[in-house]
Number of protein chains: 2
Amino acid sequence: MVINFPAKKSRNLETVRVKILIAARRLFGKYGFHGTTTRMIAREVGIDVSTLYYHWGEKGNLYEAVVLDINDDLRKKLIDLEGIIHGLPLAQRMGIAIEAITDYLFEHPEITKVILSRCFVNIRHESSQNIRVPEYISNIAFSMGLSGDKKGVSVKHKMQVLTIMNSIYAFVSGEEFFRASLGIKRDEYIALVKETLNFILIPAFANSMAGEKANF
Amino acid sequence: MVINFPAKKSRNLETVRVKILIAARRLFGKYGFHGTTTRMIAREVGIDVSTLYYHWGEKGNLYEAVVLDINDDLRKKLIDLEGIIHGLPLAQRMGIAIEAITDYLFEHPEITKVILSRCFVNIRHESSQNIRVPEYISNIAFSMGLSGDKKGVSVKHKMQVLTIMNSIYAFVSGEEFFRASLGIKRDEYIALVKETLNFILIPAFANSMAGEKANF
DNA sequence: TCTTTCCCCCATCATTTGTTTGATTTTCTC
DNA sequence: GAGAAAATCAAACAAATGATGGGGGAAAGA
């Protein structure tokens, strides 16, 4: 729980620190927190393990940094997306959003892997797990038009967004596993994921305006 | 990779061996493979760690046993379920199945946790990961009436079943995380999960017979 | 140029972790 | 109850792992 990392240099000489962060993201995503050793990360970057500690301190520190970094990336991506789908009808908005988010996450599968392993797998010596669904869940609900109020998104709508996001996360994180099982190639798989998500997720919201209250 | 475990005693004196399996299931589910140590498991059972090795050999062996055991439980449960929903119309079948599976898994969250952590998180020294989606995915597709043929279930339908199962798994495995974020109690959460799953999953299949071909 | 700061590595340490060995106790069989 | 078999534990080991301290070199500031 030490909090002493060197000040940013603001040059591109920051590279080592960032390289560590990137390698850590990939490895924590692939093997989980306990499955990743500081030496593995250091080896991937090509530095000594003590250099890693110099830059980031405790392993848990680095892990937290990875999580924050990922949430940040995702938040930015979603803001971009919001600009694109703004104003479109709900079903169309959903379709575009699913397509865009899916593409993005398939390009950066470490993101979903870290998120899921953080949500589902506990860490020993349970630290101050700042457990919380990132605020962007509410933002998504708002962007999608499920909720008219950005702050006061109802639990019900948050759950709906979670369902959508979880479905995408699962297919991205489980790509290796599912593809090996189904025996298909990457692009086939990605196309199939989109197709399936559209088939399953869209209809529920398609007639949302009319059916919302009737459905519950 | 040693394969010498003692023969079954067929008495209820098998308890220690089984106790280990149960504790291992819980802990592997909670902390993942690398996050769980053999000593943690032994301590939970109240035995020495060497006794654990006497009964199960390598840690990876025990883990594989847990996975097999879980798949077996799930398979049995799904066979039960099939008897109940057989012959009902599709949407109704889906509704009952979701309700039943959700209830069952919320009672045994270690099941989903182990499955997800196995699908999504790699293990170092990647052993002979007999990667495969268990055959029950096809069985579910058949029971649901998505496919008329138990053996030759299409990839598309398998994907649909995976979507459903993944959604349930995610909400069960992520209960602690999501509930803490949403600030609701367990029974509220479970009810909300069912409600949301029904809202999102059912409509896609509701008019499936008519819309199947038109949708793609 | 001299000094200070920053960055990095070598060597090392204390624990933890997977696993085994050998002795001891418990249970079963006759 | 004697002897065989099975189950358990205490102790130990090697390797892996999280973490640190000191030294050396490059760069920056004086």
Side-chain angles (χ1 to χ4, degrees), chain A residues 1-24 27-28 30-66 121-127, chain B residues 1-24 27-28 30-66 121-127:
Chain A
M1 282 308 135
V2 192
I3 330 163
N4 59 332
F5 19 67
K8 289 185 187 177
K9 287 297 293 301
S10 79
R11 301 287 178 89
N12 75 347
L13 283 182
E14 174 149 46
T15 39
V16 173
R17 215 176 119 89
V18 169
K19 272 185 195 167
I20 296 173
L21 197 63
I22 293 170
L27 290 170
F28 280 134
K30 186 160 186 180
Y31 299 106
F33 180 77
H34 288 295
T36 305
T37 72
T38 50
R39 279 174 177 82
M40 283 165 66
I41 301 170
R43 199 181 315 132
E44 173 129 333
V45 180
I47 58 172
D48 189 87
V49 61
S50 56
T51 303
L52 184 150
Y53 279 91
Y54 169 76
H55 282 291
W56 290 103
E58 286 186 7
K59 182 186 178 183
N61 240 347
L62 177 55
Y63 183 68
E64 279 307 310
V66 166
V121 185
N122 287 54
I123 291 177
R124 301 194 307 252
H125 328 300
E126 22 204 330
S127 60
Chain B
M1 280 308 138
V2 192
I3 331 163
N4 59 333
F5 19 67
K8 290 187 187 176
K9 288 298 293 301
S10 80
R11 302 288 178 88
N12 75 346
L13 282 182
E14 174 151 42
T15 39
V16 171
R17 214 174 119 89
V18 170
K19 272 185 193 167
I20 295 173
L21 197 65
I22 293 170
L27 289 170
F28 280 135
K30 186 161 185 178
Y31 298 106
F33 180 77
H34 288 295
T36 305
T37 72
T38 49
R39 280 174 176 83
M40 284 165 65
I41 301 170
R43 199 180 316 132
E44 173 130 332
V45 180
I47 57 171
D48 188 87
V49 61
S50 56
T51 302
L52 183 149
Y53 279 89
Y54 170 76
H55 283 290
W56 290 103
E58 285 187 9
K59 182 186 177 184
N61 238 348
L62 177 54
Y63 183 68
E64 279 307 309
V66 166
V121 184
N122 287 54
I123 290 178
R124 302 197 305 253
H125 328 299
E126 23 204 332
S127 59

Taking only the side-chain nitrogens and oxygens of [X], find out if one of them lies under 4.0 Å from OP1 or OP2 of [N].
X: A:H55; N: C:dC8; answer: yes
X: A:Y54; N: C:dC8; answer: no
X: B:T38; N: C:dT17; answer: no
X: A:R124; N: C:dT17; answer: yes

In whole angstrom, what separates [X]'s [atom1] from [N]'s [atom2]?
X: A:H125; N: C:dT15; atom1: NE2; atom2: P; value: 14 Å
X: A:K59; N: D:dA19; atom1: NZ; atom2: P; value: 8 Å
X: B:R43; N: D:dA10; atom1: CZ; atom2: P; value: 14 Å
X: A:L62; N: D:dA19; atom1: CG; atom2: C1'; value: 14 Å
X: A:I47; N: D:dA19; atom1: CD1; atom2: P; value: 15 Å
X: B:L52; N: C:dT17; atom1: CG; atom2: C1'; value: 13 Å
X: B:E58; N: C:dT17; atom1: CD; atom2: C1'; value: 14 Å
X: B:Y63; N: C:dG18; atom1: OH; atom2: C1'; value: 17 Å

Exercise for the section: Would you state whether a donor and an acceptor, one from the side chain of B:S50 and one from the base of D:dA10, lie under 3.5 Å apart? Expected result: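 Flag set: donor-acceptor pair detected.
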Practice task
Looking at every strand, decide which applies to B:T37 at a 4.0 Å heavy-atom threshold: base, sugar-phosphate, or nothing.
Solution key: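 B:T37: backbone/sugar contact only, no base atoms under 4.0 Å.
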Handout entry: Closest nucleotide among D:dC9, C:dG18, C:dC9 to the B:Y53 side chain
Key =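 Of the candidates, C:dG18 comes closest.
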Practice task
Classify the ring geometry between A:F33 and A:Y63 as parallel (under 30°), tilted (30 to 60°) or perpendicular (over 60°).
Solution key: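 A:F33 and A:Y63: perpendicular rings.
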Does the side chain of [Y] come within less than 4.5 Å of [X]'s, by heavy atoms?
X: A:L52; Y: A:V45; value: no
X: A:F28; Y: A:I41; value: yes
X: A:Y31; Y: B:I123; value: no
X: A:T37; Y: B:R124; value: yes

Handout entry: Residue whose closest nucleotide on DNA chain C lies nearer the 5' end, A:R39 versus A:D48
Key =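 Nearest-nucleotide comparison on DNA chain C picks A:D48.
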